[in-house]
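Here the structure is laid out as structure tokens; the discussion comes afterwards.
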Amino acid sequence: MKLSLAAEEVATFYGKMLEHEYTTKEVFRHNFFRDWRKEMTAAERKVIKRLSKCDFTEIHRHFADRAAARRALPREEKQRLKEEAEKLQQEFGYCILDGHREKIGNFKTEPPGLFRGRGDHPKMGMLKRRVLPEDVTINCGRDSKVPEPPAGHQWKEVRSDRTVTWLAAWTENVQNATKYVMLNPSSKLKGERDWEKYEVARRLKGVVDEIRSRYRADWKSREMKARQRAVALYFIDKLALRAGNEKEEGESADTVGCCSLRVEHVQLHPEADGCPYVVEFDFLGKDSIRYYNKVPVEKPVYRNLQLFLENKDPGEELFDRLTTASLNKHLQDLMDGLTAKVFRTYNASITLQGQLRALTRAEDSIAAKLLSYNRANRAVAVLCNHQRAPPKTFEKSMQALRSKIEAKKQQVAEAKAELEKARAGHASREDGSFLEKRRRRLEKLEEQLVRLGTQATDKEEGKQVALGTSKLNYLDPRISIAWCRRFGVPVEKIYNKTQREKFAWALDMAGEDFEF
DNA sequence: TGTTAGACTTGGAAGAATTTTA
DNA sequence: TAAAATTCTTCCAAGTCTAACA
């Protein structure tokens, strides 16, 4: 059936996603269909009454073919497209801020499509509308040249607000949230903020012992609110939980953080796995990632939890007297600039530094040092519960790696035997070069074997752990850079080009003796 | 004290580019 | 040299936290 332009466009959004799991979800299908029908003409609405009766395969095929054609384009054509994108980037991807040309992070508005909320999001599948110039507010210098809106259009507003960092903003219709155009992480502005963030975390290092004894004392406070705060803070500190703001019900997936934990998310065990006073956490955190952990806690914490849980239903809040606002207010009193998230930054960075110290040996090869680094990074990712879906090809590539190792072992054995033979044959005579050649061959193979073994370990241990987030947002880059310099590891082995640009501030200032 | 809007950081996945492998 | 695997980059959703207001 031939659709009107508007209805057709929305249909293509769905058609493109036919292979995606989203289209199997009832909520997604329902929301999509409702919004799609809104775009239809009255005549279309009369005909199209059930999603299950609609066949999108032709649309899907069209886009699949188009993607394939793109992939099959000749080299020169691809090059041309790349140059075109680069031109666009050069024209629109930069701004002048305080006289410096800075790269913009996201210079394009988000295209229309179907909302891809994560977890059990009640709004998944809803139509995210196209952003028009009339929706966009521009924020630029008072006497700078205002960017030209597309022909025939006007900006919603042009303002000059020096107190914020965004360059343009609009409201997205699904969540009714403001979206911003902001600078790239490599910019001076973002770099400075990043640096400040880690400096606050370093200040926490100086007072953390005091704060810890304070909350331990508060476990016995006469005031219920103070007790709850003290136990929550203990979790935030020890387990690196997020603050856990309250969320409006029905607007997004049901996820929680520390302050919003409910009775149903914790289970108390007087004893488990040989430890007394064990708390079992099981809840969905940010992005609906499951947090599961069984941790022994100190007796007063356990007793307090029993108290907080008393006479409550599963759906009630564990810390009913606590909000993130009151917690942060308390933290602010303990240290200037202290908030719940600083504990995550602090504990992540201090863990990295500690692990690097414990694991690195100066005499190790670069490969071994990198494994140590990865392990230290991984310890942090585990602490912060940064998980990823195991790559689809994981088992297969693991198996491939294992057989490669077997093959290499075989080669090493052979090389060994040959070296022995050469030794025996030339023991008395002076044929050093031949022997040396054999020896070097063996050495090289053994090195390769070690490297493969390292790779395999690394891969296995990292199956479900996402390292990127901690590396980019939680680990003071100066720790890594100092480590590189101290142990002769090229920084490029740790940070790729983009990351080096983001951490330019740290590359400038971190000596090999930097201490977090 | 609670509520909300607004601004900014954090987060995993998808898509693109590059490298490795067969 | 194609295709498979890996790494990099982009995307945009989902958090945190502050400030303004009632």
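A, B, ... follow the sequence lines: proteins, then strands. Residue 1 opens every chain.
In this structure, A:F319 and A:F308 have perpendicular ring planes: the angle between them is above 60°, well past the 30° mark.
Atoms CG (A:L189) and P (B:dT9) sit 8 Å apart, rounded to a whole Å. Rounding to whole angstrom units, CD of residue A:Q464 and P of B:dG11 are separated by 18 Å. Remark: P of C:dC12 and CZ of A:F13 are 12 Å apart, rounded to the nearest angstrom. If you take CZ of A:R193 and P of B:dT10, they are 12 Å apart, rounded to a whole angstrom.
Using five terminal pairs a side, the axes of the helix from B:dT1-C:dA22 to B:dA22-C:dT1 at its two ends make an angle of 10°, given in steps of 10 degrees.
Counting non-hydrogen atoms of other residues, nucleotides and ligands closer than 6.0 Å to CG of A:D120 gives a total of 12 or fewer. Atom NZ of A:K188 is surrounded by 12 or fewer heavy atoms from other residues, nucleotides or ligands within 6.0 Å.
Looking only at atom types and distance, the side chain of A:D476 has no donor-acceptor partner in the side chain of A:Q353 under 3.5 Å away.
Checked against side chain to side chain contact (heavy atoms under 4.5 Å, CB included), A:A340 has the following partners two or more places apart in sequence or in another chain: A:I236, A:A243, A:L327, A:N328, A:L331. A search for side chain to side chain contact (heavy atoms under 4.5 Å, CB included) contacts involving A:R116 returns A:M17, A:H20, A:Y22, not counting sequence neighbours.
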Per-nucleotide protein contact string for nucleotides 13-22 of chain C, where B marks a base within reach and S marks sugar-phosphate only (heavy atoms under 4.0 Å, - for neither): BBSBBS----
Validation: residues 88-100 of chain A side-chain donor-acceptor distances under 3.5 Å, sequence neighbours left out:
unit_1: A:Q90; atom_1: OE1; unit_2: A:R101; atom_2: NH2; d: 2.9
unit_1: A:Q90; atom_1: NE2; unit_2: A:E86; atom_2: OE2; d: 2.8

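Both A:K459 and A:P111 lie close to DNA chain C; mapped to their nearest nucleotides by heavy-atom distance, the more 5′-ward contact belongs to A:K459.
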I'd like a table of atom pairs between the protein and nucleotides 19-22 of chain B - only N or O on both sides, under 3.5 Å - with the distance next to each one.
unit_1: B:dT21; atom_1: OP1; unit_2: A:K404; atom_2: NZ; d: 2.6

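Considering CZ of A:R344 and OG of A:S470, their distance stands at 9.5 Å, rounded to 0.5 Å.
Classification of A:R227 and A:D218 as a salt-bridged pair fails, no side-chain N sitting under 4.0 Å from a carboxylate O. We find that A:E199 and A:R478 are joined by a salt bridge, their nearest charged nitrogen and carboxylate oxygen being less than 4.0 Å apart.
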